[in-house]
Amino acid sequence: MSDRETIAEVMKATRIAILTYEDEQGRLVSTPMGTQDFEDPATVWFITEADSDKVAAISRQPRVNVSYASDKGWVSLSGTASLNQDRAKLEELWDPSASAFMQGGPDDPNSALLEVSGDTAQLWESPGKLGMLVQVAKGALGKEDPAKDSDAPVVDL
């Protein structure tokens, strides 16, 4: 399985992703977001409110990071976000979970999409529970440098 396929698996298995963006004071802010869909790891869709502080900040500084974690591993997706008002795409992606977090429905003019176009992703594959215990034990016993594999390769999307 290629890194790109594994990245897609981790993203699909993650119910809530963490979107990090820069606020108007230049501070990094992270917020949980439910990934609605992605065509491939390079394009991710979130449902949001168009008048939110998050959208205003992203309009000024569109560089974002979205992180995903599942039993399969961890992904850090870097890219550019933009507000998308495509009503047909919003209708397609709207589901009951969106109604739990949004004040209006898909017909509300304030309901919109945040589209993230990924440039690169980093992948850390999970060694599984047994593999993780072995790594922890090796580190604790000084048998292996735990930082040796801490830098995941960057995958161009």
Side-chain angles (χ1 to χ4, degrees), residues 1-129 131-132 149-157:
M1 179 176 295
S2 73
D3 282 346
R4 189 181 184 103
E5 291 168 329
T6 305
I7 287 168
E9 280 192 9
V10 171
M11 291 171 70
K12 286 178 184 175
T14 304
R15 197 167 156 258
I16 302 295
I18 302 297
L19 171 71
T20 302
Y21 59 94
E22 192 176 295
D23 72 7
E24 56 188 59
Q25 284 82 36
R27 297 174 297 210
L28 293 177
V29 178
S30 296
T31 186
M33 301 288 288
T35 302
Q36 294 308 119
D37 190 23
F38 61 88
E39 284 123 28
D40 68 37
T43 305
V44 182
W45 298 91
F46 301 103
I47 294 176
T48 192
E49 292 173 331
D51 67 355
S52 68
D53 291 342
K54 166 183 63 230
V55 170
I58 289 170
S59 295
R60 286 187 295 279
Q61 174 47 268
R63 299 289 301 156
V64 299
N65 181 272
V66 186
S67 56
Y68 295 84
S70 76
D71 290 341
K72 296 180 182 297
W74 302 268
V75 168
S76 174
L77 175 72
S78 296
T80 305
S82 61
L83 186 67
N84 187 312
Q85 298 276 8
D86 182 338
R87 303 320 288 177
K89 185 71 174 175
L90 181 61
E91 287 276 344
E92 173 192 331
L93 297 179
W94 196 275
D95 66 12
S97 69
S99 297
F101 297 98
M102 301 289 293
Q103 291 194 13
D107 296 328
D108 186 321
N110 194 38
S111 295
L113 295 166
L114 191 62
E115 180 180 359
V116 176
S117 299
D119 299 322
T120 62
Q122 286 184 281
L123 167 68
W124 293 267
E125 288 188 77
S126 174
K129 290 181 184 172
M132 185 66 77
D149 292 322
S150 64
D151 290 333
V154 175
V155 177
D156 289 326
L157 299 174

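Because only heavy atoms are used, hydrogens play no part in the values below, and waters and symmetry mates are left out as well, while side chains stay in.
- Side-chain contact check for Ser126 and Asp71: no donor-acceptor pair (N or O, by modelled atom type) lies under 3.5 Å.
- Looking at Glu125 and Thr6, their side chains come closer than 4.5 Å, going by heavy atoms from C-beta outward.
- Within the 4.5 Å cutoff, the side chain of Phe46 has heavy atoms near those of the Thr35 side chain.
- Here the CG atom belonging to Asn110 is positioned 8.0 Å from the OG atom belonging to Ser52, to the nearest 0.5 angstrom.
- For the side-chain contact (heavy atoms from CB on, under 4.5 Å) criterion with Ser78, the lone passing option out of Thr120, Val116, Leu157 is Thr120.
- No side-chain donor from either of Lys54 and Thr31 sits under 3.5 Å from a side-chain acceptor of the other.
- Of the possible polar contacts, none joining the Ser76 side chain to the Ser67 backbone as a donor-acceptor pair under 3.5 Å is found.
- Looking at Ile47 and Leu113, their side chains come closer than 4.5 Å, going by heavy atoms from C-beta outward.
- Within 6.0 Å of atom CD in Gln25, more than 12 heavy atoms from other residues, nucleotides or ligands are found, so the atom counts as buried in its surroundings.
- Thr14 is not listed as a side-chain neighbour of Val75, based on a closest heavy-atom distance of 4.5 Å or more.
- The structure places OG1 of Thr48 at 10.5 Å from CD of Gln36, a figure rounded to the nearest 0.5 Å.
- Proximity of a side-chain donor or acceptor of Gln103 to a complementary backbone N or O of Glu49 within less than 3.5 Å is not detected.
- Distance check, rounded to the nearest 0.5 Å: CH2 of Trp45 to CG of Asp86 gives 6.5 Å.
- Counting heavy atoms from C-beta on, the side chains of Asp23 and Asp53 never come closer than 4.5 Å.
- Here the shortest heavy-atom pairing between Pro106 and Arg87 reads O-NH2, 2.8 Å.
- Residue pairs satisfying the salt bridge (charged side-chain N to carboxylate O under 4.0 Å, His left out) criterion with at least one member in residues 104-122, sequence neighbours excluded, are listed as follows: Arg63-Asp119.
- Asp51 contributes atom CG, which lies 9.5 Å from atom OG of Ser111 (distance to the nearest 0.5 angstrom).
- Within the 3.5 Å criterion, the main-chain N or O of Leu77 finds a donor-acceptor partner in the side chain of Asn65.
- A donor atom on one side chain and an acceptor atom on the other are found under 3.5 Å apart for Ser99 and Trp94.
- By the 4.5 Å heavy-atom criterion applied to side chains, Val44 and Tyr68 are counted as neighbours.
- In terms of heavy atoms, Ile16 sits closest to Gly34 at CD1-CA, 4.1 Å.
- Every residue meeting the side-chain hydrogen bond (donor to acceptor under 3.5 Å, both in side chains) condition with Ser30, not counting sequence neighbours, appears here in chain and number order: Thr20.
- Residue pairs meeting the salt bridge (charged side-chain N to carboxylate O under 4.0 Å, His left out) criterion with at least one member in residues 3-13, sequence neighbours excluded: Arg4-Asp40, Glu9-Lys72.
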